[in-house]
Amino acid sequence: MPEPLVSLVGVGKRYEGAEVLHEVSFDVLPGETLALVGPSGCGKSTLLRIIAGLIPASSGEVRSEGYLLTGLNPATALVFQSFALLPWLKAAENVALPLEARGVPAVERLRKAERLLDVMGLRGHARAYPRELSGGMRQRVGVARALCQDPRVLLLDEPFSALDVLTAQTLRDQVVDLLRDPAVSTRTAVLVTHSVEEAVYMADRVVAMRSNPGRVADVVTIDAPRPRRWGAPELVPFVDRLYALMT
Amino acid sequence: MRAWSAARLRRASALDGLAVVAVALVVLVVFLDEPHVLPRTSETLNLWPAMLPLYAAYSLLRMLGAYALSLGFALGAGYWASASPTGRRLILPALDVLQAVPILGFFPAAIFFFIRLFHGSPLGVEAAAVFLIFTSQAWNMAFSVYESLTTIPEDLRTAAQVSRLSGVVRWRRLLLPACVPRLVYNSMLSWAGGWYFLIASEIIAVGRKSWVLPGLGSYIGESITLGRHGLAAAGLASLVAVIVLLDLLVWSPLEWWSGRFRYETSAAGEMTAPPLVRALLRRAPLVRGGLARGGRRVGELVGRVAAALSHALSHQWIRPLLALGAAGGLAALVYGAVQTVDVLLRPPPPEAAQIPVALLLSFLRLLLAYAISLAWTIPLACWVSRSARRAGRLMPVVQVLASVPATAFFPVLVALVLWLRLDLNVSAVALVLTGMQWYLLFNLVAAAQAIPEDVRELARATGASGFFYLRRFFLPAALPSLITGSLTAWGGGWNALVLSESVTAAGRTWSVKGIGTLLDEATYVKGDLQMITLVIVSMVAAVLLLNRAVWRPLYAWASVRYRFDA
């Protein structure tokens with residue numbers, strides 16, 4: 001068994017006395033796409049932010065590449081449901097933001113940003129402002145910004161929920177391909193979603209969660225072959241199993 | 001001009017009461033018990049019209065100095081309030097009170113303070129004028145920074161955090177851009193308010209013949225005093241020209257540019273550039289490049305300074321300094337409180353008995369001016385509310401009219417009233433009116449434009465018109481704005497009061513009984529510290545009481561009862 005990239009042991013979270021997460025434990029293995037599914041309020045987004053090091057766990061421990069996590073997790077980068085692009089920066093400047101923060105010279109960081117925009121299929125849009133782009137294009141910029149940090153683990157927080165059905169499907173395929181693309185170094189992803197179908201379609205393993213307090217019901221391995229087809233009969237048993245676990 | 005919002009109205013705290021004391025402290029620290037000798041100069045203004053550009057430059061420099069101070073204060077105080085609970089608890093109530101007090105009442109005190117600080121040099125008067133303008137500009141700008149920083153969408157904050165933004169980059173890429181739209185809007189309001197106080201301070205200075213602040217305001221005041229009406233008109237025209245030019249060359253391009261920093265991510269709401277900006281961008285690539293480079297430099301500089309400051313604030317060694325400052329402030333506060341109580345406990349001078357009556361008379365003048373303002377602004381705004389096009393035609397005219405600081409008309413109005421041999425009460429009310437009416441009009445027109453299209457259609461479909469439309473549609477829709485506008489208008493009115501009850505022209509002083517006249521006599525005729533304190537304290541108390549007892553409850557009621565999104 002390979003060394004896990006991220007491992008959670010007995011993680012709990014309380015907000016003002018109320019228990020949001022209870023004794024959550026699982027590993028994120030290198031090269032896998034792990035999905036967290038559950039009803040709203042089960043703490044899956046909180047869990048993702050704990051992995052990113054944005055909020056501390058109240059109990060238990062989080063390890064990233066073997067080290068105990070104390071601040072921001074250097075191995076991860078986050079993609080937002082709302083895209084979270086700065087409206088006053090051009091696409092390439094948004095993508096290059098993490099490099100700018102590190103003091104990388106402008107020429108160098110913009111070159112990398114444009115390369116990543118190419119990878120995301122946004123060649124020629126580097127100088128566009130977010131408001132000039134469609135929702136799908138904006139989320140591609142969001143993914144490119146995350147990739148710009150060369151994360152070992154890509155954290156995706158409901159990345160397709162704000163998009164229309166067709167755009168969402170295209171982008172799902174793009175993210176699945178990305179994690180196998182030689183032009184990109186990132187191979188591992190954690191996807192938070194409320195859609196069981198999406199989790200089964202994209203993930204290698206799915207953590208099914210229940211609420212009040214948020215806890216792990218079970219971890220299901222999706223051993224269906226790739227490439228997968230949305231709604232294919234071989235995926236249906238996994239979907240049924242997960243629905244049963246969550247309710 | 002002060003912009004009030006619902007949030008702001010709710011935020012004030014019990015500190016209001018303390019404010020009276022704090023305000024008295026300023027007066028006391030300034031006057032102490034020393035004799036109040038002001039430097040008198042026999043210098044007069046050169047009224048030769050060719051001097052006008054020079055005077056315009058002087059006025060503009062004062063404005064710029066005060067604006068730079070205000071900007072610095074706004075960023076510092078706004079950031080502190082947004083970043084630390086202590087900062088929030090101290091800054092927000094303080095700003096709220098500072099916004100409400102009639103600043104002009106403190107101008108004499110400010111002059112004494114700064115003249116003493118500068119050891120009698122005329123620079124003291126300059127500093128006092130800059131300080132006065134600063135006090136009229138800084139508070140709403142600081143609020144706007146605070147509001148901008150606290151309303152940055154959570155996801156953007158997190159994105160900046162996971163991108164490891166910090167220091168200069170964080171200021172340049174996240175915090176400053178987030179402040180731009182509100183800050184530009186409030187800067188425009190502040191700038192307009194600044195003119196009002198700049199002209200006021202220049203005119204006050206001239207009126208007393210004791211010191212000179214060369215500038216457009218003093219030019220207008222002086223020419224009226226000497227009966228040179230042609231020169232006064234030239235001065236007024238230069239003032240309007242400067243204001244309109246600045247608006248075209250600075251504020252409207254800035255306003256357009258600030259649209260880029262809004263969060264709405266749809267392209268639909270984008271504004272088109274004003275014609276002048278379009279022409280510049282198209283025809284002058286050098287200007288464009290220069291502006292872009294200059295903008296980047298300024299952004300970088302401000303970012304650096306702000307980052308250094310916020311970095312310093314988070315350091316350990318700054319703590320003792322802050323504690324020391326706080327302790328000093330507290331000591332001053334206690335000293336001021338003791339002094340105030342001492343002054344208030346001394347047997348009051350016989351004139352003090354006039355204060356209640358004077359206050360009542362002044363209040364009645366304000367009430368009359370308020371009624372007159374309502375009488376013309378409500379019908380006009382109601383008329384505008386019937387169709388969106390009417391506002392488009394009316395507003396440019398109104399904006400030009402309102403952009404001229406009302407204080408510039410004071411000498412003209414006074415001369416007119418004296419010439420027509422009218423009662424001076426007429427000019428007093430008219431002057432107060434100029435300080436009140438625009439706030440009402442702008443708030444009401446904004447409300448008229450905000451009436452949803454379907455409500456407007458309903459009114460048309462039901463054939464509502466005349467008084468019925470006013471009572472059932474316009475007034476309920478405009479009520480929250482009407483109250484906000486009233487609050488601001490009364491603030492403007494109290495300020496104008498200080499200038500309007502007692503006027504000096506052609507070497508004579510005319511006055512009507514009122515709190516403004518009492519303050520005037522106490523300051524300039526008698527130099528009576530105790531009386532000044534009593535007058536200012538009672539005026540501030542009256543203002544705060546009125547806000548507390550009338551406007552806030554009214555607003556709280558109206559904003560719940562009458563709104564469209566409920």
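All chains are named by letter (A, B, ...) in the order of the sequence lines, taking the proteins before the strands, and each is independently numbered beginning at 1. Quantities reported herein were computed from a predicted structural model and do not represent experimental measurements.
- Both the backbone and the side chain of A/L97 come within contact range of chain B, judged by heavy atoms closer than 4.5 Å.
- When every heavy atom of B/L156 is checked against every heavy atom of A/P87, the shortest pair comes out as CD1-CD, 4.2 Å.
- Per-residue heavy-atom pair counts under 4.5 Å with chain B were compared for A/A52, A/P74, A/S82, A/P98, and the maximum is reached by A/P98.
- Listed options B/G167, B/P177, B/A159 were ranked by heavy-atom pairs under 4.5 angstrom with chain A; first place goes to B/P177.
- When heavy atoms are compared at a cutoff of 4.5 Å, A/R102 does not approach chain B at all.
- For the residue pair B/T158 and A/L54, the shortest heavy atom distance occurs at CG2-CD1, 3.1 Å.
- No part of A/F83 comes within reach of chain B, as not one of its non-hydrogen atoms sits under 4.5 angstrom from that chain.
- Taking both residues in full, the closest heavy atoms of A/R131 and B/R262 are given as NH2-O, 3.1 Å, listed atom of the first, atom of the second, then distance.
- Few gaps surround CZ on A/R49; more than 12 heavy atoms of other groups in view lie less than 6.0 Å from it.
- Neither the backbone nor the side chain of A/D157 comes within less than 4.5 Å of any heavy atom of chain B.
- When A/L86, A/L78, A/T76 are compared by the number of non-hydrogen pairs under 4.5 Å with chain B, A/L86 comes out ahead.
- Taking B/S166, B/A160, B/S163, B/A178 one by one and counting their heavy-atom pairs under 4.5 Å with chain A, the maximum is reached by B/S163.
- The two residues B/L165 and A/A101 make their nearest non-hydrogen contact at CD2-CB, 3.5 Å.
- Only the side chain of A/Q149 has a heavy atom closer than 4.5 Å to any heavy atom of chain B.
- In this structure, the side chain of A/W88 does not engage the main chain of B/L174 through any donor-acceptor pair within 3.5 Å.
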